[in-house]
Amino acid sequence: MTTSGPPHASESSSARADTVTGPAHVALIMDGNGRWAAARGLPRAMGHREGVQALKRTVRAAADLGIQCLTVFGFSTENWKRSAEEVSDLMGLVRAYVGSDLDRLKREGVRIHILGRREGLPEDIAAIVDRAERETAHNDRFLLQVAFNYGGRADIVDAMNRLVRRAAESGEASPTFTEADIDGALSTHRGPPVDLIIRTSGEQRLSNFLLWEAAYAEMVFQDILWPDYGAEALNAAVGEYRRRDRRFGGRAPEPSAVAS
Ligand code: IPE
Ligand code: IPE
Ligand code: MG
């Protein structure tokens with residue numbers, strides 16, 4: 001049996017063209033800054049600083065690979081448990097990244113969205129975040145979502161409360177919601193579905209990242225500390241993704257359909 005594949009399969013002779021041409025949306029848990037610094041006898045802040053360089057390299061590499069949307073985990077709702085000094089270093093990274101890269105991102109057509117709760121952020125960081133979103137709102141070549149003061153559970157709670165509030169405003173006494181309603185109320189609603197979640201540093205857990213969105217995402221765990229990340233590592237993860245069969249609960253493709 002031969003299959004022609006989906007209509008946009010021209011780049012591939014395989015019925016797995018959806019997978020082969022993706023991923024459209026990659027999410028990244030940027031982990032290992034502290035261990036990178038410790039291995040060099042440096043303060044953790046240096047690891048975080050190098051992590052910003054890795055982020056810049058990776059955003060560029062993602063666009064080159066045809067990825068449309070990159071979501072990176074920068075600060076979790078649990079990271080407030082760290083020392084005041086480290087929290088302040090991590091907040092400073094937003095200043096550093098936006099300060100040094102906003103103009104370039106604007107020119108290159110990148111739209112920035114910050115996922116996560118604004119309340120709790122220092123005022124100047126909240127203002128920088130608002131500015132980055134406002135000044136890139138017209139861009140549509142690439143979507144960069146930075147999860148900052150973000151937790152997957154908190155995001156689901158916020159989405160539910162938003163839906164309940166809207167229902168109450170429109171006079172619905174006992175509303176019921178669908179998966180699509182929740183999808184649309186999450187902070188990630190602007191991006192395409194998450195295809196691939198990568199975690200660096202060797203840890204193999206989600207740490208409260210994209211809990212709802214991870215339902216059928218592929219996961220790749222890489223033994224690379226985040227400050228060492230870049231095009232080569234992202235290519236390797238995307239290569240691994242493209243070798244996977246995504247079945248979404250359905251059946252594996254027939255052997256004759258996957259042969260090229
Ligand atoms: C990732 O590096 C950055 C954030 C969590 C904000 P870590 O600081 O977690 O580094 P490790 O895991 O201690 O090596
Ligand atoms: C997850 O990393 C959060 C970010 C990368 C921002 P952590 O280093 O905070 O996660 P745990 O504590 O190892 O689970
Ligand atoms: Mg960590």
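Whatever order the structure lists them in is the order used to number ligands and atoms, beginning at 1.
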key: Same cluster (ILVMFWY, side-chain, under 4.5 Å), Phe209 and Leu55   = no
query = Which protein non-hydrogen atom lies closest to atom 9 (O) of ligand 2, naming both residue and atom, and how far is it?
reply = Asn79 ND2, 2.9 Å
key: For Arg82, atoms of ligand 1 separated by under 4.0 Å from a heavy atom   = 5 (C), 7 (P), 8 (O), 9 (O)
inquiry  = Can you tell whether the side chains of Arg95 and Asp124 come within less than 4.0 Å, N to carboxylate O?
reply    = yes
query = Where is the nearest protein heavy atom to atom 10 (O) of ligand 1: which residue, which atom, and how far?
reply = Gly34 N, 2.9 Å
ask   = Starting from atom 6 (C) of ligand 1, which protein heavy atom do you reach first, and at what distance in Å?
value = Gly74 O, 3.3 Å
remark   = Only one of Met91, Arg117, Arg118 passes side-chain contact (heavy atoms from CB on, under 4.5 Å) with Phe148, and that residue is Met91
inquiry  = Exactly one of Asp31, Asn33, Asp223 should register a side-chain hydrogen bond (donor to acceptor under 3.5 Å, both in side chains) with Ser201. Which one does?
reply    = Asp31
inquiry  = Heavy-atom count check: over 12 atoms from other residues, nucleotides or ligands less than 6.0 Å from Arg162 CZ?
reply    = yes
query = Within less than 4.0 angstrom of ligand 1, does Ser201 place any heavy atom?
reply = no
query = Numbering the atoms of ligand 2 from 1, which are under 4.0 Å from a heavy atom of Ile29?
reply = 5 (C)
note = If we number the atoms of ligand 1 from 1 as shown, the ones under 4.0 Å from a heavy atom of Leu90 are 6 (C)
message = For Glu86 and Arg44: C-alpha separation, side-chain torsions, deciding distance, then whether salt bridge (charged side-chain N to carboxylate O under 4.0 Å, His left out) applies.
response = CA-CA 8 Å; Glu86 184 166 3; Arg44 294 178 65 85; 3.0 Å; yes
request  = Answer side chain, backbone, both or neither: which part of Glu78 comes under 4.0 Å from ligand 1, heavy atoms only.
outcome  = neither
message = Any salt bridge linking Glu240 with Arg243? Criterion: basic side-chain nitrogen under 4.0 Å from a carboxylate oxygen.
response = yes
key: ligand 2-proximal atoms of Phe75, by part, heavy-atom distance under 4.0 Å   = backbone
message = Tell me the protein heavy atom at minimum distance from atom 2 (O) of ligand 2, and give that distance in Å.
response = Arg199 NH2, 3.5 Å
Protein contact of atom 13 (O) of ligand 2 - nearest heavy atom, named by residue and atom, plus distance = Arg205 NH2, 2.8 Å
query = If you measure only the distance, is there a donor-acceptor pair under 3.5 Å linking the side chains of Asp155 and Trp212?
reply = no
Gap between atom CG of Leu234 and atom CD1 of Ile67 - 0.5 Å precision = 4.5 Å
request  = In plain terms, say whether Arg57 and Glu232 are close enough for a salt bridge, that is, a side-chain N and a carboxylate O under 4.0 Å apart.
outcome  = no
task = Can you pull out the closest protein heavy atom to atom 3 (C) of ligand 1? Residue, atom name and distance to 0.1 Å, please.
result = Asn33 ND2, 3.6 Å
ask   = Backbone, side chain, both or neither: what part of Leu225 comes under 4.0 angstrom of ligand 1, heavy atoms only?
value = neither
request  = Can you sort out which atoms of ligand 1 are near Met30, meaning under 4.0 Å from one of its heavy atoms?
outcome  = 1 (C), 3 (C)
query = Hey, is the Mg ion (ligand 3) within less than 2.8 Å of some N/O/S atom on Glu203?
reply = no
query = Would you say Glu78 has more than 12 foreign heavy atoms packed within less than 6.0 Å of its CD?
reply = yes
Region of Arg44 engaging ligand 1 - heavy atom pairs below 4.0 Å = side chain
request  = Please write down residue, atom name and distance for the protein heavy atom closest to atom 11 (P) of ligand 2.
outcome  = Ser207 OG, 3.6 Å
